[in-house]
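Everything on this sheet refers to the single structure shown next.
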Amino acid sequence: NEPIKQAKAIAFLDRLNRDSSSSVLLWQVAVEYLAVMRRWAQRGKFDPRKIERGLEEVLMFHDLVVPTRDVLGISLSLSSKYMLSHWDSMLLAACIDAGVSTLYSEDLADGMVYESVRVVNPLK
């Protein structure tokens, strides 16, 4: 519903896809992507036949990283240290577990560093 943000997001993803060697897709992000696409499809905002193709396209550019069991302990530590929500701490823990140094997110504080992960708002 925000055309300016949408244009910025598309441009950012295009840049990221051109240099996909340095990026990964975390399991939690893939699952959230599917949840949003399904919700939009149920509301008539997105063609449900395009969901699988959209996911395939994302996976063509980025390796899917599945979290290890260490993510749970890391998440608990991050949650208490930084007062993060469950899902934010899980996402950051997955980044740490996967060796991700930069997390692109509109939802977390731009420029904040959580242990070894720096948050960058690509829409700012």
Side-chain angles (χ1 to χ4, degrees):
N1 295 333
E2 299 182 51
I4 293 173
K5 280 187 178 181
Q6 186 178 35
K8 286 181 180 182
I10 290 169
F12 170 73
L13 290 173
D14 285 344
R15 284 192 311 274
L16 195 60
N17 287 343
R18 281 194 297 271
D19 185 24
S20 61
S21 63
S22 64
S23 63
V24 297
L25 178 64
L26 298 172
W27 170 258
Q28 181 179 335
V29 175
V31 171
E32 288 180 18
Y33 169 83
L34 279 176
V36 169
M37 293 298 104
R38 288 176 172 159
R39 190 168 43 247
W40 286 358
Q42 288 172 345
R43 295 178 184 163
K45 294 181 175 183
F46 191 81
D47 184 344
R49 297 169 296 183
K50 294 182 180 180
I51 293 173
E52 186 174 354
R53 179 68 185 138
L55 181 60
E56 288 172 5
E57 286 179 11
V58 170
L59 292 173
M60 281 190 315
F61 292 105
H62 311 283
D63 290 333
L64 181 66
V65 177
V66 178
T68 68
R69 66 185 301 144
D70 294 338
V71 167
L72 300 172
I74 297 168
S75 172
L76 289 169
S77 175
L78 290 171
S79 181
S80 62
K81 183 174 181 179
Y82 296 103
M83 301 302 293
L84 295 166
S85 73
H86 169 74
W87 293 113
D88 288 347
S89 68
M90 288 295 293
L91 180 58
L92 287 161
C95 287
I96 291 168
D97 186 57
V100 171
S101 60
T102 303
L103 171 63
Y104 296 103
S105 173
E106 180 186 20
D107 297 331
L108 292 167
D110 183 51
M112 181 70 181
V113 177
Y114 299 92
E115 308 303 309
S116 58
V117 180
R118 178 182 222 49
V119 175
V120 174
N121 182 346
L123 304 181
K124 194 170 181 183

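Values in this document were obtained by computation on a predicted structure and should not be read as measured data.
In this structure, the separation between CG on Leu26 and CD on Glu32 is 10.0 Å, given to the nearest 0.5 Å. With rounding to the nearest 0.5 Å, the separation of CG in Leu16 from OG in Ser22 is 7.0 Å. Here the SG atom belonging to Cys95 is positioned 6.0 Å from the CG atom belonging to Leu92, to the nearest 0.5 angstrom.
In this structure, Leu25 is a member of the same hydrophobic cluster as Leu34, with clusters built from ILVMFWY side-chain heavy atoms closer than 4.5 Å. When the side chains of ILVMFWY residues are joined at heavy-atom separations under 4.5 Å, either directly or via intervening members, Val119 and Met83 end up in two distinct hydrophobic clusters. Put simply, Val31 and Leu64 are part of the same group of oily side chains (I, L, V, M, F, W, Y) that touch within less than 4.5 Å, one to the next. Tracing side-chain contacts under 4.5 Å through hydrophobic residues (I, L, V, M, F, W, Y), one reaches Leu103 starting from Val36; they form part of the same cluster. Cluster membership for Val71 and Val24, using ILVMFWY side-chain heavy atoms within less than 4.5 angstrom, is not shared.
Put simply, the side chain of Gln28 gets close to the backbone of Trp87: a donor and an acceptor are under 3.5 Å apart. Here the side chain of Asp97 pairs a donor or acceptor atom with the backbone of Thr68 at under 3.5 angstrom.
Within the 4.5 Å cutoff, side-chain heavy atoms of Asp110 are placed close to those of Val120. Residues Asn17 and Glu57 fail the side-chain proximity criterion, which asks for heavy atoms closer than 4.5 Å. Here the side chains of Leu72 and Met90 are in contact, with some heavy-atom distance below 4.5 Å.
Closest heavy-atom contact between His86 and Ser75: O-OG, 4.2 Å. Shown here for Ser105 and Pro122, the closest heavy-atom pair between the two residues is N-CD, 3.8 Å.
Only one option out of Leu78, Thr102, Ile96, Leu91 pairs with Val117 in a side chain to side chain contact (heavy atoms under 4.5 Å, CB included); it is Ile96. If you run side chain to side chain donor-acceptor pair (under 3.5 Å) between Asp47 and each of Lys45, Lys50, Arg49, only Arg49 comes through.
Considering only residues two or more places apart in sequence or on other chains, Tyr82 meets the ring pair (Phe, Tyr, Trp, His ring centres under 6.0 Å) condition with Tyr114.
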Just distance, no hydrogens or angles: give the donor-acceptor pairs under 3.5 Å from side chains in residues 2-9, sequence neighbours left out.
unit_1 : atom_1 : unit_2 : atom_2 : d
Lys5   : NZ     : Glu106 : OE2    : 2.5
Lys8   : NZ     : Leu123 : O      : 3.3

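Residues in residues 26-60 take part in no ring pair (Phe, Tyr, Trp, His ring centres under 6.0 Å) pair, two or more places apart or across chains.
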